[in-house]
Amino acid sequence: LEGLEQKWMARWDADATYRFDRSRPRAQVYSIDTPPPTVSGSLHVGHVFSYTHTDVVARFQRMRGKAVFYPMGWDDNGLPTERRVQNYFGVRCDPSLPYDPTFLPPDKPPKQAISVSRPNFIELCARLTAEDEKVFEHLWRYLGLSVDWQMTYATIGPRAQRISQLSFLRLLQRGLAYQLEAPTLWDVDFRTAVAQAELEDREQPGAYHRIRFAVADADPGTAFIEIDTTRPELIPACVALVAHPDDERFKPLFGREVITPLFGVKVPVRAHALADPEKGTGAAMICTFGDVTDVIWWRELGLPVRSVLQPNGALRPVTFGGAGWESADVPRAQQHYDQLAGLSAVKARVRIVDQMKETGDLLGDKRPITHAVKLYEKGDRPLEILTSRQWFIRTMEHREALLARGRELQWHPPYMQARFDNWVHGLAGDWCVSRQRFFGVPFPLWYQVRADGSIDYEARLLPSEGRLPVDPSTDVPDGYRPDQRNQPGGFAGDPDVMDTWATSSLTPQIAARWEEDPDLFARVFPMDVRPQAHDIIRTWLFDTVLRSHFDVEALPWQHAAISGWVLDPDRKKMSKSKGNVVTPMGLLEEHGADGVRYWAASGRSGTDTAFDPGQMKVGRRLAIKLLNASKFVLANPGPHGAVTAAVDRGLLASLAVIVRESTDDLEQYHYTRVLERTESFFWTFCDDYLELVKGRRYGDQGPDLAASANGALVTALSTMLRLFAPFLPFVTEEVWSWGHDGSVHTAAWPTADEVLAPCGGVEDPRAIEALQFATTVLGAIRKKKSEEQRPLKTPVAVAVVRAPSALLALLPSVEADLRASGLIQHLETAEGDVLDVIVTLAPVEAPVPERTP
RNA sequence: AGGCGCGUAGCUCAGUUGGUUAGAGCGCCUGCUUGACACGCAGGAGGUCAGCGGUUCGAGUCCGCUCGUGCCUACCA
């Protein structure tokens with residue numbers, strides 16, 4: 001078994017075994033939207049797991065005669081790569097710089113990061129990821145993925161950029177993408193907007209603070225509204241108080257005003273149904289913006305903006321007394337606020353609590369709680385909501401159409417559709433696709449700069465589609481000169497890049513070369529399958545359906561094959577941070593690719609699977625067994641002819657059933673059953689059938705019956721090899737090569753008719769019974785030998801087979817095989833209700849005394 | 001809090017539309033070098049199918065409830 005991976009991965013490459021035949025029409029193509037792995041990370045056992053599932057199906061479809069479109073993408077777009085390139089080369093991206101075609105990074109990263117233009121930065125990314133990709137490709141080849149390695153793409157490559165930009169421009173033209181200055185979820189560390197899909201909730205400690213607001217039209221010190229807040233530092237950003245419209249406690253106050261503590265700003269008391277009388281005091285403070293509910297209240301109640309947070313998460317300087325910042329006591333407000341300006345939200349919270357303790361506006365002590373807080377999934381600090389100019393793709397008004405797409409898609413397993421529906425129902429706003437980062441696909445447009453130097457965001461300058469891809473930080477819009485950049489009367493490039501999902505969601509279009517190679521596109525799109533894990537249904541799957549719905553008004557694929565996770569023995573998801581990751585290459589070297597694939601293929605669609613090296617060992621043993629059994633079948637096979645003997649016909653008849661079921665199951669993506677069934681058949685083949693026919697195939701019953709055995713053996717082996725081929729590509733190819741010129745992986749998938757052909761096309765259920773009967777009798781003989789702890793070669797003096805007459809009628813057809821394999825000296829029969837075998841072993845021979853020399 | 005899974009042998013898991021005595025592999029125990037294989041072969045022990053109730057001639061399987069567990073979504077004053 002050793003060395004099969006190197007031998008065959010080189011051979012498959014040289015022979016172009018997995019090359020996509022693009023001359024085939026769509027109906028003869030099976031196309032796969034392969035997930036592009038993130039190259040700045042490392043591949044782990046979870047990748048090996050899920051990519052094996054895809055490969056099993058790909059190999060099956062190829063053997064079924066389909067031209068398999070199986071590309072590989074590399075995800076080198078986005079923050080992980082941005083960080084890695086910065087550290088590796090010691091550079092930092094500055095999109096304001098012009099491209100320097102001569103730039104080369106120093107050998108060692110300097111202490112002070114070098115600023116480079118965005119195109120230079122992207123070049124460095126391509127350089128670094130090219131090395132990562134080589135390592136990845138080698139692992140994939142070693143695992144035996146039947147990818148067409150001539151068809152690779154990168155999510156930051158020119159094709160991906162062009163298609164991302166093209167799709168965006170068309171969405172813009174159709175009003176499906178729009179720009180808006182609006183409150184947006186914002187990460188203060190990455191200093192970028194983020195999308196709903198990138199949020200995660202984390203439990204964080206917090207505290208309720210009870211604060212009182214004086215009623216403005218009451219006598220000072222006589223009337224207050226109390227509220228609870230976890231974010232007292234946002235009191236200066238308070239624009240109103242709110243309570244439920246039916247809440248009797250606050251009804252008299254609606255429409256009146258209160259005065260904010262410390263800052264003396266008058267804010268109205270308003271009513272809104274979202275205010276929960278059960279929460280806190282029943283009244284809440286509306287700030288711009290403390291959470292998403294604030295945004296809803298602010299919008300629906302038509303409140304003003306009074307923002308205090310800056311993009312870096314610190315409180316900005318504010319001058320009280322000006323428009324929007326009128327105060328009853330400007331010097332006092334300013335004095336309090338100046339102590340907060342420049343502080344982070346957390347520090348400002350501590351400071352303002354001290355201030356309110358002094359003034360008596362804080363009632364009682366703070367009450368610590370633990371509450372769920374929204375964070376960017378890659379971030380460490382809670383998200384803020386800041387008003388900024390962002391690009392959005394419409395989702396909200398297309399929810400019904402998207403749900404319909406979800407129903408149209410065939411999910412494996414079907415219940416995964418619920419996650420999609422769940423997500424669509426829970427959408428809170430359109431998809432924010434712009435990021436204030438450097439490394440990514442730029443938005444392909446510029447704006448006119450007014451005479452006063454300000455940017456006119458309404459006056460967009462769009463490139464023609466033929467110019468794409470463009471980088472507006474270095475490219476110049478048509479009709480302008482480079483020296484007009486950022487000049488009055490000139491132009492300014494859009495500074496943002498797209499969310500990585502905005503590109504990843506186009507993988508079917510990128511791989512199929514949408515609007516670039518219409519011939520190829522027509523042959524592979526919409527694709528057959530998207531394989532992916534369940535955790536990114538809300539991102540990758542949803543976004544891809546959305547984009548395809550807009551771009552081509554179709555589903556991007558017919559099937560979604562959802563894989564589970566690999567869990568460590570403690571049932572936790574295996575992950576790098578938990579330090580329990582096993583390197584895939586080590587596993588492949590230890591257990592062999594076939595062994596590892598055997599374990600991976602045991603994980604059903606959607607089901608999380610325990611990491612289990614024991615199963616890899618089992619798979620490895622299966623591969624070895626396959627080599628040995630094949631050696632027996634193929635070594636000195638003798639002539640093979642018509643399959644006439646009952647056990648031989650029984651073998652092929654039961655194999656025909658396996659073939660039929662396996663084909664149906666693989667069509668349904670139920671690959672685990674196929675492996676189980678084939679394996680089970682194979683062990684019965686080895687342990688029972690081979691033992692029954694061993695003597696006969698050597699000629700003990702004459703040439704005709706030897707030819708029957710050989711015919712069945714060769715047919716069964718050929719069939720089993722092909723059934724195993726999608727799962728164990730290396731060992732099956734090795735064995736196949738002993739008797740064939742071509743690859744087993746391009747051989748035809750077996751059919752029941754083909755298996756039955758040596759039996760004259762007859763599928764004889766009586767033959768199956770006969771084989772089972774013989775196996776049962778043989779088992780009883782073995783059991784007796786085992787119980788008496790005698791060697792298996794011990795002869796059977798007498799075997800009495802008691803059985804119903806219908807079974808006994810089968811005995812003559814298998815008697816010779818049974819006598820030979822069981823070493824039966826005398827065989828007797830008797831009628832009985834149930835099958836029962838009484839075995840008497842030959843007496844133990846007296847040991848032959850050793851001769852003294 | 002809602003949604004979707006899962007709970008079967010010590011471990012990892014099968015168990016199709018309800019139908020004889022609930023299966024496999026690993027591990028464990030006992031033997032055996034049988035003309036491909038000791039990286040092997042044969043045999044064995046081991047289960048109140050999470051619990052309770054219901055439908056049915058019949059329930060691991062269908063229905064309801066409970067418990068445990070995991071994920072998805074939400075909850076953030």
Side-chain angles (χ1 to χ4, degrees), chain A residues 1 199 201 203-204 206 208-209 211 227-231 234 241-243 274-276 279-287 290-294 297 369-374 382 413 415-428 534-535 537-538 564-565 567 569 571-573 599 602-604 606-615 617-636 661 665 670 672-673 676-677 679-680 683 686-687 690-691 694-695 697-698 700 778-779 781-794 821 823:
Chain A
L1 205 62
L199 304 188
D201 284 3
E203 290 289 326
Q204 302 236 328
Y208 279 126
H209 303 77
I211 292 164
I227 60 110
D228 277 329
T229 181
T230 56
R231 302 208 57 185
L234 292 180
L241 299 189
V242 67
L274 268 184
D276 182 355
K279 256 183 197 170
T281 65
M285 165 174 91
I286 304 175
C287 306
D291 62 25
V292 289
T293 317
D294 278 346
W297 282 326
I369 54 160
T370 303
H371 61 160
V373 178
K374 286 189 198 311
Y415 62 75
M416 284 295 175
Q417 191 194 330
R419 302 217 182 174
F420 180 88
D421 293 349
N422 235 338
W423 175 250
V424 177
H425 282 123
L427 282 173
H534 52 61
D535 56 331
I537 288 174
R538 68 172 181 171
W565 283 339
L567 305 178
R571 314 298 301 172
K572 298 275 163 49
K573 185 189 178 188
W599 159 77
S602 70
R604 284 182 302 166
T607 306
D608 295 345
T609 300
F611 174 70
D612 189 356
Q615 282 301 105
K617 290 195 177 80
V618 173
R620 184 179 165 79
R621 256 178 284 183
L622 172 63
I624 292 167
K625 188 82 173 175
L626 207 45
L627 283 179
N628 285 320
S630 302
K631 200 163 71 184
F632 171 74
V633 171
L634 296 174
N636 187 27
E661 291 173 343
D665 279 341
H670 295 155
T672 51
R673 290 190 199 166
E676 278 167 19
R677 248 198 312 261
E679 183 188 10
S680 168
W683 285 106
C686 290
D687 297 340
L690 285 187
E691 295 304 324
K694 214 173 240 181
R697 74 83 51 111
Y698 281 114
D700 294 356
L778 188 60
I781 290 169
R782 285 176 183 152
K783 183 166 178 167
K784 185 72 175 177
K785 291 177 181 177
S786 195
E787 278 170 0
E788 298 199 3
Q789 303 196 348
R790 304 281 299 279
L792 286 172
K793 63 181 177 185
T794 307
S821 58
L823 301 169

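A note on names: the letters A, B, ... follow the listed sequences, proteins ahead of strands, and every chain is numbered from 1.
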**Q.** A:E691/A:K694 salt bridge by N-O under 4.0 Å criterion
**A.** yes
Could you work out the separation of [N] and [M] based on their [atom1] atoms and round it to a whole Å?
| N | M | atom1 | result |
| --- | --- | --- | --- |
| B:rU12 | B:rG53 | C1' | 32 Å |
| B:rC62 | B:rG15 | C1' | 16 Å |
| B:rG31 | B:rC63 | C1' | 50 Å |
| B:rG70 | B:rC13 | P | 15 Å |
| B:rG23 | B:rG60 | C1' | 12 Å |
| B:rG54 | B:rG18 | C1' | 15 Å |
| B:rC28 | B:rG7 | C1' | 25 Å |
| B:rC72 | B:rU66 | C1' | 23 Å |

Q) Where do A:I537 and A:R419 come nearest, in terms of heavy atoms and distance? A) CD1-CB, 4.0 Å
Q. Looking only at heavy atoms, which two atoms of A:L234 and A:M285 are closest? And how far apart?
A. C-CE, 4.3 Å
Q.
For a side-chain contact (heavy atoms from CB on, under 4.5 Å) check, start with the C-alpha distance between A:D201 and A:K374, then their side-chain angles and the critical distance, and finish with the verdict.
A. CA-CA 5 Å; A:D201 284 3; A:K374 286 189 198 311; 3.7 Å; yes
Q: Return the orientation label for the A:W565 and A:H534 ring planes: parallel under 30°, perpendicular over 60°, tilted otherwise.
A: tilted
Q: Go ahead and write out RNA chain B as dot-bracket, 5' to 3': ( ) for pairs within the strand, [ ] for ones crossing earlier pairs, | when the partner sits on another strand, dots for unpaired; Watson-Crick or G-U wobble, both distances under 3.5 Å.
A: (((((((..((((.....[...)))).(((((.......))))).....(((((..]....))))))))))))....
Could you tell me whether [X] contacts a base, only the sugar-phosphate backbone, or nothing, with contacts defined as non-hydrogen atoms closer than 4.0 Å?
| X | answer |
| --- | --- |
| A:A275 | base |
| A:G290 | nothing |
| A:C686 | base |
| A:D276 | base |
| A:R677 | nothing |
| A:Y698 | base |

Please report, rounded to the nearest Å, how far the [atom2] atom of [N] is from the [atom1] atom of [X].
| X | N | atom1 | atom2 | answer |
| --- | --- | --- | --- | --- |
| A:D700 | B:rG35 | CG | C1' | 10 Å |
| A:M285 | B:rA77 | CE | P | 11 Å |
| A:D687 | B:rA38 | CG | P | 14 Å |
| A:I624 | B:rG40 | CD1 | C1' | 10 Å |
| A:I227 | B:rA77 | CD1 | C1' | 7 Å |
| A:L567 | B:rU69 | CG | P | 16 Å |
| A:K631 | B:rA36 | NZ | C1' | 6 Å |
| A:M416 | B:rG3 | CE | P | 17 Å |

Q | Heavy-atom donor-acceptor pair, A:S680 side chain to A:E676 backbone, under 3.5 Å | A | no
Q) Side chain of A:R697, backbone of A:V633: donor and acceptor closer than 3.5 Å? A) yes
Q | Most 5' of A:L1 and A:E787 on RNA chain B, judged by nearest nucleotide | A | A:L1
Q. Between A:E661 and A:L690, which is nearer to the 5' end of RNA chain B once each is assigned its nearest nucleotide?
A. A:E661
(Q) Quick one, A:L778 with A:R782, criterion side-chain contact (heavy atoms from CB on, under 4.5 Å). Give me CA distance, side-chain angles, the key distance, then yes/no. (A) CA-CA 6 Å; A:L778 188 60; A:R782 285 176 183 152; 3.6 Å; yes
(Q) Assess the residue pair A:Y208 and A:T230 against the criterion (side-chain contact (heavy atoms from CB on, under 4.5 Å)); give the C-alpha distance rounded to whole Å, side-chain angles, the decisive distance to 0.1 Å, and a yes or no. (A) CA-CA 5 Å; A:Y208 279 126; A:T230 56; 3.9 Å; yes
Q. Sequence neighbours excluded, which residues qualify as side chain to side chain donor-acceptor pair (under 3.5 Å) partners of A:Q204?
A. none
**Q.** Derivation of the side-chain contact (heavy atoms from CB on, under 4.5 Å) call for A:K625 and A:C686
**A.** CA-CA 9 Å; A:K625 188 82 173 175; A:C686 290; 3.9 Å; yes
**Q.** salt bridge (Lys or Arg N to Asp or Glu O under 4.0 Å) partners of A:R620, counting only residues at least two apart
**A.** A:E2
Q | salt bridge (Lys or Arg N to Asp or Glu O under 4.0 Å) partners for A:R673, two or more places apart | A | A:D665
Q: Check whether any side-chain nitrogen or oxygen of A:K783 sits under 4.0 Å from OP1 or OP2 of B:rG44, and answer yes or no.
A: yes
Nearest of [options] to any side-chain atom of [X]?
| X | options | value |
| --- | --- | --- |
| A:A629 | B:rA77, B:rA14, B:rA36 | B:rA36 |
| A:W297 | B:rA77, B:rG40, B:rU16 | B:rA77 |
| A:A610 | B:rA42, B:rU12, B:rA14 | B:rU12 |

Between N or O atoms, less than 3.5 Å apart, protein on one side and nucleotides 25-34 of chain B on the other: list the pairs.
| residue | atom | partner | partner atom | Å |
| --- | --- | --- | --- | --- |
| B:rU30 | O2' | A:Q789 | NE2 | 2.7 |

Q. Are the ring of A:Y415 and the base ring of B:rG5 both nearer than 5.5 Å at their centres and tilted by less than 30°?
A. no
Are there any protein N/O atoms within less than 3.5 Å of an N/O atom in nucleotides 72-75 of chain B, and if so, which ones and at what distance?
| residue | atom | partner | partner atom | Å |
| --- | --- | --- | --- | --- |
| B:rU73 | OP1 | A:R538 | NE | 3.1 |
| B:rU73 | OP1 | A:R538 | NH1 | 2.8 |
| B:rA74 | OP1 | A:Q196 | NE2 | 3.2 |
| B:rC75 | OP2 | A:K374 | NZ | 3.0 |
| B:rC75 | O3' | A:K279 | NZ | 3.3 |
| B:rC75 | N4 | A:D201 | OD2 | 2.7 |

Q) So how far is it from A:T794 OG1 to A:I781 CD1, rounded to the nearest 0.5 Å? A) 11.5 Å
